[in-house]
4 protein chains.
Amino acid sequence: MKSRKTPKQSRSKVTVEAILQATTHILLKEGIQALTTNHVADRAGVSIGSLYQYFPNKESLVAELIEQHVQKEINSMTAVIEEWQGAINEDFFRKFIQVFIQVHLDEIELTQLLHLQVNSLECRDVLRKASLLFQQITASILAKSLNLNEKSRLIQTKAFIVTNTVDSLVQTALVEDASMLSEAIFIDELVQLVCHIFNQSGEA
Amino acid sequence: MKSRKTPKQSRSKVTVEAILQATTHILLKEGIQALTTNHVADRAGVSIGSLYQYFPNKESLVAELIEQHVQKEINSMTAVIEEWQGAINEDFFRKFIQVFIQVHLDEIELTQLLHLQVNSLECRDVLRKASLLFQQITASILAKSLNLNEKSRLIQTKAFIVTNTVDSLVQTALVEDASMLSEAIFIDELVQLVCHIFNQSGEA
Amino acid sequence: MKSRKTPKQSRSKVTVEAILQATTHILLKEGIQALTTNHVADRAGVSIGSLYQYFPNKESLVAELIEQHVQKEINSMTAVIEEWQGAINEDFFRKFIQVFIQVHLDEIELTQLLHLQVNSLECRDVLRKASLLFQQITASILAKSLNLNEKSRLIQTKAFIVTNTVDSLVQTALVEDASMLSEAIFIDELVQLVCHIFNQSGEA
Amino acid sequence: MKSRKTPKQSRSKVTVEAILQATTHILLKEGIQALTTNHVADRAGVSIGSLYQYFPNKESLVAELIEQHVQKEINSMTAVIEEWQGAINEDFFRKFIQVFIQVHLDEIELTQLLHLQVNSLECRDVLRKASLLFQQITASILAKSLNLNEKSRLIQTKAFIVTNTVDSLVQTALVEDASMLSEAIFIDELVQLVCHIFNQSGEA
DNA sequence: AATGAATGAGGCTTCATTCAT
DNA sequence: AATGAATGAAGCCTCATTCAT
């Protein structure tokens, strides 16, 4: 279920790029119900036959988009972690959350759609993988912070909670009231939440 | 977008019930992509014509299911709040979260589907309304607890965070690893989280 | 293909009347595509079962309406003929045409619909029968006027032409520009036309 | 409401042609109630999908047929007028009527159906436009003949009468007794009628 | 006589995908 | 490599009609 061909010639790259842009455009401007392969090909200025030369089916269009989006997310977040020199404290969490929000705001509409409208198992899997990756990164930071085993149920639970809390709050805010994401009150609360989870050793 | 007829004879109540059960069954066992009106009618042992006498279109099947589900959720949660005699403390939050989890576990698979696979705006609206209701209830409890104005941005933000955190953590746990929902560790963390948000006055 | 029962009790007459009125109303206000048996029954305040007790099928509803309409037409026109004391001259034709137009104007909208939208063979047959009846009446008047055999091809052709010319001109005027029907110019032309056909002996 | 695609390859021209022929065939042999898109596609030896590539809906099939038919009609009649060198006299009218009848006889059955069975507003509009075009052409000839203003109510009324009389008489004859159309008696009467209307200046 | 729930054939249309050119 | 015509399974829904109550 991956692209039939990996475009090697620049002509092909242009085609693939046009198809993905058309997909994005339709998703954004017309909604997922307008996302038909013929429509995408049309908008991309490409024949339907060409579309199927690079994408084995409709799903793979959206999957590719998600994959690219998730990759950006991962890159941004791992960069923050790797570049961070100081201690794992409130400052770090604030920085982390700010970048996380920024990544989502950068592609605000597409993100919303991908999260709200994408059902297919394949696509969900891509999203889930990213989630798990974050969760493990968080677990390892937590383990160091609390001086506990990374694989312990407590650490895993905390990692699960932190990861999903931040993710879903940002997601929901994006859909319900995106302005929240720019407010200090919202960010402060999120940072407090994360700090709280990180600081208590679990016996509280 | 409402039922065409309100069944008057007992015969038709049976029909409507059969249709809703078939809808649930298909959603659960075959996924939303298998939810076609003909398939539902088939499984319900009812003619397609009968289905359309009580449901104006495919959407309304799922809408009805969601409405019923949301109603159960609301009933259970408001009951907890109304019956609670003591103070708004950790015990209350624990009780609240336990019931909340229980409500979701009761219809575990359906809940998953409804939250994961339902796209239609109409359905989303029903879910959103329930969300907002909870958020306002939470806001009013918070306002009393912290002795602040219920409409203040801080209270609203806190209510948004608490509500969505609990909701989405339970949802995600349901999908990813339902066993979590029965573990003390998970519940404790959640309770801690909520307590933390309730206890800090926002300047922390 | 006639009514299953002939209503004998007054209760039944009321029902039948209600059904026909509902049919007329829907035809007039909503168009023929809205003419469904269930809709008619609804509007008549009668159960669909009752409708089928008096009308064997949907067609028969419209057929009955047409039959009644045609009967009125025939009654009016034969009355004119029978009551006419003088010679068959321009005055007679004028009178005849005026009454003919009046009959159509009386039920202007229904007439339009019946002529424009009714396709079914059964209905067409009723209309055709009326046409032929007029044609034969006209032929007999013509035969006397011109002192020729009523069955001769010339008389039949003239009768056909007169009958259909008047009928179709009135019909078309009704649809395209009903105001014409009240204008002296229009009526005069029609009268001239008819006079012309009646007066020439065919060798012109 | 126009063809989705204009066929570019010759292959598709064949397809479109087959579809239109199938439409005609079904209309002719089975009646408009048998004119379903699937049936047309079947008879055309084409997939239902292909039909919908060239015709946006069922209506457009009939619309296309009518448009083509009306175009032929207009072409033939304007040719007669343009090629006529002599005066506007009985000979001209005879020629005109003969060609008019011939055009209808050429596609005798289709013409019948189109005029009898076609309800849709869109289709009626196409037919009406053709009617009005003829009426205006007639009005202009009449105006010259009688030396009156083309836009005067008298001329317009006469044009309306001539046009519709000829048209509806030919139509009806076609349905009721097509043999009439070949008889001198019928044609003579029609010519007389038209001459009569053209010759009187309106005050007769 | 009346009711209205139930029926189901069949209509229209979409759209992912294939394949001959 | 690209094109775009062709495919057809399958979806949604309507509505004339029947029949148990």
Side-chain angles (χ1 to χ4, degrees), chain A residues 5 7 9 11-12 15 33-42 46-61, chain B residues 4-5 7-16 33-42 45-59, chain C residues 5 7-9 11-12 15 33-42 45-61, chain D residues 4-5 7-16 33-42 45-59:
Chain A
K5 299 180 184 181
Q9 301 183 9
R11 185 159 46 136
S12 320
T15 301
Q33 86 291 343
L35 192 78
T36 70
T37 50
N38 283 288
H39 190 20
V40 169
D42 251 25
V46 150
S47 75
I48 181 66
S50 292
L51 186 152
Y52 275 91
Q53 216 140 53
Y54 297 110
F55 296 89
N57 52 42
K58 182 180 162 176
E59 289 268 284
S60 60
L61 291 170
Chain B
R4 290 174 165 184
K5 285 184 187 179
K8 287 170 186 170
Q9 299 180 5
S10 68
R11 190 164 44 134
S12 46
K13 274 182 197 154
V14 172
T15 300
V16 168
Q33 86 290 344
L35 192 80
T36 73
T37 51
N38 283 293
H39 191 21
V40 169
D42 251 24
V46 147
S47 74
I48 182 67
S50 289
L51 186 153
Y52 276 95
Q53 282 212 341
Y54 301 107
F55 298 90
N57 51 44
K58 182 182 161 175
E59 290 267 286
Chain C
K5 300 180 183 181
K8 286 170 187 170
Q9 301 185 8
R11 185 160 45 137
S12 317
T15 300
Q33 86 291 343
L35 192 78
T36 71
T37 50
N38 283 290
H39 190 18
V40 169
D42 250 26
V46 149
S47 75
I48 180 67
S50 292
L51 187 153
Y52 275 93
Q53 215 140 53
Y54 297 110
F55 296 89
N57 52 43
K58 181 180 162 175
E59 289 268 286
S60 60
L61 290 171
Chain D
R4 290 174 167 184
K5 284 187 189 176
K8 286 170 189 171
Q9 299 180 7
S10 68
R11 188 164 44 136
S12 46
K13 274 182 196 153
V14 172
T15 299
V16 167
Q33 85 290 343
L35 192 78
T36 71
T37 50
N38 283 291
H39 192 20
V40 169
D42 251 24
V46 146
S47 75
I48 182 65
S50 288
L51 187 154
Y52 276 94
Q53 284 214 336
Y54 301 107
F55 298 90
N57 50 44
K58 181 180 161 175
E59 290 268 285

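Naming convention: chains lettered A, B, ... in sequence-line order (proteins, then strands); numbering from 1 in each chain. Keep in mind that what you see is a predicted model, and the values were worked out from it rather than measured.
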Base-pairing assignment for dA10(F) (Watson-Crick or G-U wobble, both under 3.5 Å): dT13(E)
What's the CG-P distance between Asn57(B) and dG11(F), to the nearest Å? 16 Å
Rounded to the nearest angstrom, tell me the gap between atom CG in Leu61(C) and atom C1' in dC15(F). 14 Å
Judged by each residue's nearest nucleotide on DNA chain F, which is more toward the 5′ side, Asn38(C) or Thr36(B)? Thr36(B)
Taking 4.0 Å as the cut-off, does a side-chain nitrogen or oxygen of Tyr52(A) come that near to OP1 or OP2 on dT17(E)? yes
How many Å lie between NZ on Lys58(C) and P on dT18(F), as a whole number? 15 Å
May I have the distance from Asp42(A) (atom CG) to dA16(E) (atom P), rounded to whole angstrom? 13 Å
Which distance, rounded to the nearest 0.5 Å, do you find between the CG of Asp42(B) and the CG of Leu51(B)? 10.5 Å
For dA16(F), the nucleotide meeting Watson-Crick or G-U wobble distances (both under 3.5 Å) is dT7(E)
side-chain N/O Gln53(C) vs dA2(E) OP1/OP2, d < 4.0 Å: yes
By nearest-nucleotide position on DNA chain E, the 5'-leaning member of Gly49(D) and Gly45(B) is Gly45(B)
To the nearest 0.5 Å, what is the distance between OG1 on Thr36(C) and CG on Leu61(C)? 10.0 Å
Can you tell me how far P of dA6(E) sits from NZ of Lys13(B), to the nearest Å? 12 Å
Side-chain N or O of Ser50(C) closer than 4.0 Å to phosphate OP1/OP2 of dA1(E): no
In whole Å, I'd like the distance from the CD atom of Gln33(B) to the C1' atom of dA9(F). 16 Å
Could you tell me whether the side chain of Thr37(B) reaches within less than 4.5 Å of the side chain of Tyr52(B), counting heavy atoms only? yes
Examine dA6(F): is either OP1 or OP2 under 4.0 Å from a nitrogen or oxygen in the side chain of Thr15(D)? Give yes or no. yes
Should dA1(F) form a Watson-Crick or G-U wobble pair with both distances under 3.5 Å, which nucleotide is its partner? none
Would you indicate, yes or no, if dA6(E) has its OP1 or OP2 atom less than 4.0 angstrom from a side-chain nitrogen or oxygen of Tyr54(B)? yes
Would you kindly give the CD1-to-P distance between Ile48(C) and dC19(F), to the nearest whole Å? 15 Å
Position toward the 5' end of DNA chain F (nearest nucleotide), Ser47(A) or Leu51(D): Ser47(A)
Quickly work out the Phe55(C) CZ to dA2(E) P distance and round it to whole Å. 13 Å
